[in-house]
Novice: 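Okay, here's the structure, questions in a sec.
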Amino acid sequence: MSTPNVPCGLHLNSIDDLTGYPVFPEGTKSLLSKFNTREIWEKYKDKRDAYNVPYKLCIFSGVKNLDSGIGVYAGSHDSYKVFSDLMDQIIAYYHKHKPEDKHVSDMDASKLRCPPLMSDEAAMIVSTRIRVGRNLEGYPLAPGVTKEQRHEIMEKVVRACSTFVGDLKGTFYALEGMDEKTKNQLIADHFLFKEGDRFLEACGCNRDWPSGRGIFHNADKTFLVWVNEEDQLRIISMQKGADILAVFERLSRAANHIESVAKFSHDEHLGYITSCPTNLGTALRASVHIKLPKLAKRKDEFQAIADKYYVQIRGIHGEHSGSVGGVYDISNKRRLGRSEVQLVQDMYNGIKAMITREKEL
Ligand code: ADP
Ligand code: DAR
């Protein structure tokens, strides 16, 4: 006997309120609303993954936040398998990656074809940042991890970071008990990540905040690792200016070092495993903050170049922010089905095309 309908929206407080099939208002755009059919709901509504994370928790962010793009966060690597009727459709639609497709990772910066920009072009780029998300094998993802597991993960990452040498050597700062001076300095450096947004809150990613969270950064403040934010590791290389190769080379060296001492959750179909399906594969976002005042005034043309080169236009203060002073965050759009090298190449090719057009204008 199928369950009754439950209207979705902010009035729902926990998965206990999901007593029936979630129905979305007309016009809802999330992939959850598109693919969570009544048949899939009936199949999974009382199911849990290998780490005991319920299907209802994996979909609750999109059930509560009607403006979600995806609306789903995996509770563990196993969620992608046991809830595959939903996950496979989201992954195929978003990444154009079919269940039989393979993912090949490649972090070899020497394969990047990015001749240095001319000085006038490089002057248009304020800063460059490349990040990857990674999660440790043998643990659930953010929606399912326990307070004790977060501390185990943090200890493993801190131990790995303590073995960095040369330009990667640095210091770890746990968020819990952080003194105001350190906190204000990290905020001033734009290093301190905040408690997760309402999308992450809804699927339990902010539980026990700030316990088990922390930030490592090197002495030059060009390399940092966020511990237990949306993913268990966000490995980030960034610096002022346009030296994309240097930023990628540092990231690759650091990620390879951490992986040599702490195994990452990975498989040959989905690549590196992440809590949000949009980051699967490489979980790499390579971005520049770049001044494009003339091109930005021609919105359709700006977007057309972005689409042609598979890059995304964002604001400069995070995922849902706007541009400030004609500076835009331009980054690779793809994550899965192409290697890390290929995606940094996407970003480089995209900004070269935008710079050329800006100079013509
Ligand atoms: P991500 O998922 O990559 O962390 P966000 O857009 O939320 O994406 O960015 C996180 C933070 O990193 C924001 O504070 C943003 O301003 C900063 N950031 C992103 N790209 C750059 C860049 N190229 N230069 C400087 N800061 C950046
Ligand atoms: N708000 C979620 C996240 C989409 C991608 N961004 C991430 N993972 N930070 C949504 O479904 O819209």
Side-chain angles (χ1 to χ4, degrees), residues 8 24 28-36 58-74 90 93-95 124-135 141-143 186-194 196-203 205-206 215 217 221-226 229-231 233-244 247-248 251 273-291 311-324 327-333 335-336 343-344 347-348 350-351:
C8 294
F24 295 88
T28 306
K29 293 189 171 46
S30 67
L31 296 189
L32 172 67
S33 62
K34 185 178 176 67
F35 294 118
N36 184 54
C58 294
I59 67 169
F60 194 69
S61 183
V63 162
K64 185 174 175 75
N65 298 288
L66 300 177
D67 55 341
S68 293
I70 312 298
V72 174
Y73 289 89
I90 288 175
Y93 186 92
Y94 186 88
H95 294 288
M124 296 163 69
I125 293 176
V126 176
S127 51
T128 300
R129 172 183 184 268
I130 306 178
R131 65 83 166 158
V132 291
R134 295 288 185 265
N135 290 280
L141 298 165
L186 288 171
I187 290 172
D189 295 332
H190 292 282
F191 279 2
L192 189 61
F193 61 87
K194 299 182 289 295
D197 57 26
R198 58 191 162 89
F199 303 97
L200 294 168
E201 173 68 29
C203 60
C205 295
N206 295 338
I215 291 174
H217 73 71
K221 298 191 175 181
T222 55
F223 170 67
L224 58 156
V225 181
W226 289 352
E229 195 237 8
E230 175 174 329
D231 288 301
L233 292 92
R234 283 291 173 96
I235 308 169
I236 303 163
S237 174
M238 62 194 293
Q239 64 191 49
K240 294 290 179 210
D243 195 343
I244 294 167
V247 172
F248 187 40
L251 176 76
I273 302 303
T274 55
S275 55
C276 180
T278 62
N279 278 314
L280 285 168
T282 62
L284 180 138
R285 193 170 87 84
S287 67
V288 291
H289 282 182
I290 181 170
K291 293 173 263 188
V311 295
Q312 185 182 29
I313 302 167
R314 285 189 186 189
I316 61 168
H317 293 299
E319 190 175 355
H320 303 294
S321 66
S323 160
V324 175
V327 182
Y328 290 84
D329 174 317
I330 305 296
S331 62
N332 59 291
K333 191 168 182 185
R335 298 282 188 280
L336 170 61
L343 297 181
V344 178
M347 182 269 273
Y348 178 85
I351 62 165

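First listed ligand is number 1; within each ligand, the first listed atom is number 1.
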Novice: May I have the step-by-step check of side-chain contact (heavy atoms from CB on, under 4.5 Å) for Ile244 and Ile351, ending in yes or no?
Specialist: CA-CA 11 Å; Ile244 294 167; Ile351 62 165; 3.8 Å; yes
Novice: For the side chain of His95 and the backbone of Pro277, is there at least one donor-acceptor N/O pair under 3.5 Å apart?
Specialist: yes
Novice: Give the residue, atom name and distance (to 0.1 Å) of the protein heavy atom nearest atom 7 (O) of ligand 1.
Specialist: Glu319 N, 3.4 Å
Novice: Heavy atoms only: which of Cys276, Ala283, Gly315, Ser287 is nearest to atom 23 (N) of ligand 1?
Specialist: Ser287
Novice: Show, in sequence, the C-alpha distance, side-chain angles and deciding distance for Asp329 and Arg285, and conclude whether the salt bridge (Lys or Arg N to Asp or Glu O under 4.0 Å) test is met.
Specialist: CA-CA 11 Å; Asp329 174 317; Arg285 193 170 87 84; 2.8 Å; yes
Novice: Hey, which atoms in ligand 1 end up nearer than 4.0 Å to a heavy atom of Arg131?
Specialist: 1 (P), 2 (O), 3 (O)
Novice: Please say whether more than 12 non-hydrogen atoms of neighbouring residues, nucleotides or ligands are located less than 6.0 Å from NZ in Lys333.
Specialist: no
Novice: With rounding to the nearest 0.5 angstrom, report the CE to CG distance, Met238 to Leu251.
Specialist: 12.0 Å
Novice: When you measure from the side chain of Thr28 to the backbone N and O of Leu66, does any donor-acceptor pair fall under 3.5 Å?
Specialist: no
Novice: Can you find an N/O atom of Trp226 closer than 3.5 Å to an N/O atom of ligand 1?
Specialist: no
Novice: Which is closest to atom 5 (P) of ligand 1 in terms of heavy atoms, Lys240, Arg129, Arg314?
Specialist: Arg314
Novice: Using a 4.0 Å cut-off to any heavy atom of Val288, which atoms of ligand 1 qualify?
Specialist: 23 (N)
Novice: Taking Asn332 for the side chain and Met347 for the main chain, is one N or O donor matched with an acceptor at less than 3.5 Å?
Specialist: no
Novice: Return a yes/no value for Ile316: is any of its N or O atoms, backbone included, closer than 3.5 angstrom to an N or O of ligand 1?
Specialist: yes
Novice: Below 30° counts as parallel, above 60° as perpendicular, anything between as tilted: where do the rings of Trp226 and Phe193 land?
Specialist: tilted
Novice: What is the closest protein heavy atom to atom 21 (C) of ligand 1, and at what distance does it sit?
Specialist: His289 NE2, 3.2 Å
Novice: Can you tell me which residues line ligand 2 if we count any heavy atom under 4.0 angstrom from one of its atoms, in chain and number order?
Specialist: Ser68, Gly69, Ile70, Gly71, Tyr73, Phe199, Glu230, Cys276, Thr278, Asn279, Glu319
Novice: Any idea which protein heavy atom is nearest atom 9 (O) of ligand 1, and the distance to it?
Specialist: Arg285 NH2, 3.8 Å
Novice: Applying a 4.0 Å heavy-atom criterion (strictly less than), which segment of Glu230 is in contact with ligand 1: side chain, backbone, both, or neither?
Specialist: neither
Novice: Quick check on contacts: which atoms of ligand 1 are under 4.0 angstrom from a heavy atom of Arg234?
Specialist: 2 (O), 4 (O)
Novice: Checking contacts here: is it the side chain or the backbone of His317 that comes within 4.0 Å of ligand 1, counting heavy atoms only? Could be both or neither.
Specialist: backbone
Novice: Would you sort out whether Cys276 and Glu230 count as a side-chain contact (heavy atoms from CB on, under 4.5 Å), showing the intermediate values?
Specialist: CA-CA 8 Å; Cys276 180; Glu230 175 174 329; 3.4 Å; yes
Novice: Which of the atoms of ligand 1 are close to Asp329, meaning less than 4.0 Å from one of its heavy atoms?
Specialist: 19 (C), 20 (N)
Novice: Closer than 3.5 angstrom, by distance alone: can the side chain of Ser237 be matched with the main-chain N or O of Val247 as a donor-acceptor pair?
Specialist: yes
Novice: Who's the nearest protein heavy-atom neighbour of atom 24 (N) of ligand 1, and how far?
Specialist: Ser127 OG, 2.7 Å
Novice: Just verifying a value: how many Å separate Leu343 CG and Arg335 CZ, rounded to the nearest 0.5 Å?
Specialist: 8.0 Å
Novice: Between Ile273 and Leu280, does a side-chain contact (heavy atoms from CB on, under 4.5 Å) hold up when you go through it step by step?
Specialist: CA-CA 6 Å; Ile273 302 303; Leu280 285 168; 4.3 Å; yes
